[in-house]
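Remarks on the structure that follows.
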Protein chains: 2
Amino acid sequence: MQNNEMLSTMKHIKSTNQSLPEQVAAQINQLIIDQNIGPEQKLPNEFELAERLNVGRGTIREAVKLLVARNCLEVRRGKGTFVVEKTGQIEDPLGFAYVKDKITLAEDLMELRLRVEPWAAQLAAQRITDEEMPELQARCEEVTRIIRSGEDHGAADKAFHAYIAQCTHNSVITEIMPVITYSIEMYTHFRSKRLLEDTIRTHTQITEAICARDPQKAYEAMYKHVAQNQDGIDMAKQAVVEN
Amino acid sequence: MQNNEMLSTMKHIKSTNQSLPEQVAAQINQLIIDQNIGPEQKLPNEFELAERLNVGRGTIREAVKLLVARNCLEVRRGKGTFVVEKTGQIEDPLGFAYVKDKITLAEDLMELRLRVEPWAAQLAAQRITDEEMPELQARCEEVTRIIRSGEDHGAADKAFHAYIAQCTHNSVITEIMPVITYSIEMYTHFRSKRLLEDTIRTHTQITEAICARDPQKAYEAMYKHVAQNQDGIDMAKQAVVEN
């Protein structure tokens with residue numbers, strides 16, 4: 001069995017009431033996969049695509065727009081259309097921004113994070129390379145620095161958690177972690193001084209355990225850390241009730 | 001603190017080199033959130049949006065196209081633009097279809113599934129309602145029926161796993177499960193007769209344990225079931241090597 005044949009089984013199962021540009025977008029995707037057009041590589045031009053897929057250039061243009069919107073392609077003026085580096089990934093892929101009840105969303109995320117993040121820290125402690133250690137330490141220090149400066153550390157915090165996921169060397173964990181840590185930025189401003197000091201301390205413990213390649217300690221430190229966030233949610237809940 | 005204020009902290013942090021339609025799309029999203037425009041509800045018309053966001057109608061049209069492509073909005077001809085039911089969710093949100101090394105992807109997915117799915121089955125056993133039980137049983141029987149008929153049971157299999165996630169009553173698990181069971185459809189045709197019989201048996205055990213509200217049995221049955229899929233991946237690996 002050819003690898004290609006296997007890839008073709010990955011074709012999306014399409015509903016029948018798709019518009020023509022939708023169908024052509026799916027065909028362009030398949031072309032990218034079949035022809036091994038990699039990240040940052042150029043797509044055949046509009047004319048060639050129209051000919052190959054047997055549709056008008058207007059339809060190709062519409063389909064390309066769809067794929068640009070989905071972060072698969074990028075049009076560089078005067079240079080052509082390119083496959084983007086992180087194909088298909090968009091910010092907030094599960095549409096959490098649209099969820100009305102953010103408290104329940106945060107609690108649901110927390111339930112999953114308590115299950116996945118300590119385990120990811122454990123894996124990271126088993127798999128981190130020597131080269132990755134200084135980067136992890138730097139990200140840990142960056143969060144500490146921002147907290148001490150009194151600014152919002154939400155983005156840096158998220159980046160720290162994302163890097164731990166990366167150190168698992170599991171591509172799915174790496175991609176899914178920023179999704180399930182979605183609520184981090186929402187709750188950082190609810191944190192009291194005590195919670196902030198807790199964050200600094202547990203982040204340091206997590207980093208040290210991973211760099212010491214101690215999976216059990218990494219697991220425990222991360223569990224303690226994620227569980228602390230529960231306090232932030234409780235404070236947010238309280239704040240909503242009071243208003 | 002108002003709930004609205006909290007929502008506004010969820011605003012996407014935008015890179016500075018965004019196109020105008022991109023920026024306007026983000027503003028429309030914010031408008032949907034701020035004004036509580038729910039699923040299936042109508043957006044203000046193009047003219048009104050152009051006025052409110054202080055841009056041309058052409059830009060509004062481009063921004064709406066972007067949001068249609070991202071499955072946030074839907075244009076109903078002659079009726080207006082509506083917020084879709086499952087806002088922001090697209091098929092394959094993490095772009096797995098573009099990953100070249102599908103074997104490693106499947107192994108990475110498997111590692112995560114072995115951690116998350118047995119736990120989800122356990123939660124489902126604790127939280128399933130009486131009303132959900134017949135539906136779960138029906139989906140289990142449907143997979144059995146399709147396997148017995150000799151057809152590809154991939155889609156029905158995925159639907160069975162998705163429904164278990166739904167019975168956890170955790171919205172994040174519900175939404176993330178179809179993402180991490182992505183590889184199910186890829187490997188169903190690798191299954192030998194023995195593996196198919198295993199699937200029927202473990203699916204039945206999972207369903208019975210959940211409907212008996214026995215979390216430990218549900219956990220174990222799901223663990224055994226997901227671990228069986230490893231054999232499918234090994235067979236696929238072998239098939240690639242042999243060609």
Side-chain angles (χ1 to χ4, degrees), chain A residues 1-3 6-7 9-13 25 29 32-33 36 38 65-72 83 86-100 102 104-105 107-109 111-112 115-116 119 123 154-155 170-173 175-176 179-180 185-186 189 236 239-240 242-243, chain B residues 1-3 6-7 9-13 25 29 32-33 36 38-39 62 65-72 83 86-100 102 104-105 108-109 111-112 115-116 119 123 155 170-173 175-176 179-180 185-186 189 236 239-240 242-243:
Chain A
M1 176 163 185
Q2 296 290 325
N3 203 20
M6 199 158 73
L7 289 176
T9 67
M10 306 284 293
K11 254 184 241 182
H12 293 177
I13 292 157
N29 265 346
I32 293 168
I33 295 168
N36 268 321
K65 271 188 194 162
L66 283 173
L67 292 170
V68 168
R70 286 178 194 147
N71 197 28
C72 302
V83 174
K86 281 268 189 182
T87 339
Q89 285 185 46
I90 59 169
E91 228 187 336
D92 187 25
L94 298 179
F96 290 149
Y98 294 92
V99 177
K100 288 231 175 67
K102 300 292 186 205
T104 302
L105 173 64
E107 288 175 331
D108 287 352
L109 279 167
E111 184 168 68
L112 185 62
R115 197 74 190 185
V116 173
W119 169 62
L123 283 181
N170 175 314
S171 63
V172 179
I173 296 174
E175 281 164 31
I176 235 157
V179 178
I180 71 173
E185 288 177 79
M186 183 169 40
H189 66 278
V240 171
E242 280 165 7
N243 274 272
Chain B
M1 176 164 184
Q2 295 292 321
N3 202 21
M6 198 158 74
L7 288 177
T9 68
M10 306 283 293
K11 251 185 243 182
H12 293 178
I13 293 155
N29 265 346
I32 293 169
I33 295 168
N36 267 322
E62 286 301 310
K65 271 188 196 165
L66 283 172
L67 293 170
V68 169
R70 285 178 195 146
N71 197 29
C72 302
V83 174
K86 280 269 188 180
T87 339
Q89 286 184 46
I90 57 169
E91 229 188 334
D92 188 24
L94 299 178
F96 291 148
Y98 293 92
V99 175
K100 288 228 175 69
K102 298 293 184 204
T104 303
L105 173 64
D108 287 352
L109 281 166
E111 185 169 67
L112 185 62
R115 198 75 190 184
V116 174
W119 168 62
L123 284 182
N170 175 313
S171 63
V172 179
I173 297 174
E175 281 164 31
I176 233 157
V179 178
I180 71 172
E185 289 178 78
M186 183 168 41
H189 66 279
V240 171
E242 280 165 6
N243 273 272

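Note that the structure is predicted; figures quoted are calculated from it, not measured. Values below: all heavy atoms of this structure, side chains included; hydrogens, waters and symmetry mates excluded.
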One should read off an interatomic distance between B:Arg115 CZ and A:Arg115 CZ, to the nearest 0.5 angstrom, of 6.5 Å

Does any non-hydrogen side-chain atom of B:Val116 lie less than 4.5 Å from one of A:Trp119? no

Is A:Asp108 reaching over with its side chain to a backbone N or O of B:Asn170, donor-acceptor style, under 3.5 angstrom? no

Evaluate the criterion side-chain contact (heavy atoms from CB on, under 4.5 Å) for residue pair A:Glu111 and B:Val172; output intermediate values, then yes/no. CA-CA 9 Å; A:Glu111 184 168 68; B:Val172 179; over 6 Å; no

Euclidean distance, B:Ser171 OG relative to A:Leu112 CG, rounded to 0.5 Å: 10.0 Å

Quick check for you: among A:Thr104, A:Ile176, A:Val68, A:Ile173, which has the greatest number of heavy-atom pairs under 4.5 Å with chain B? A:Ile176

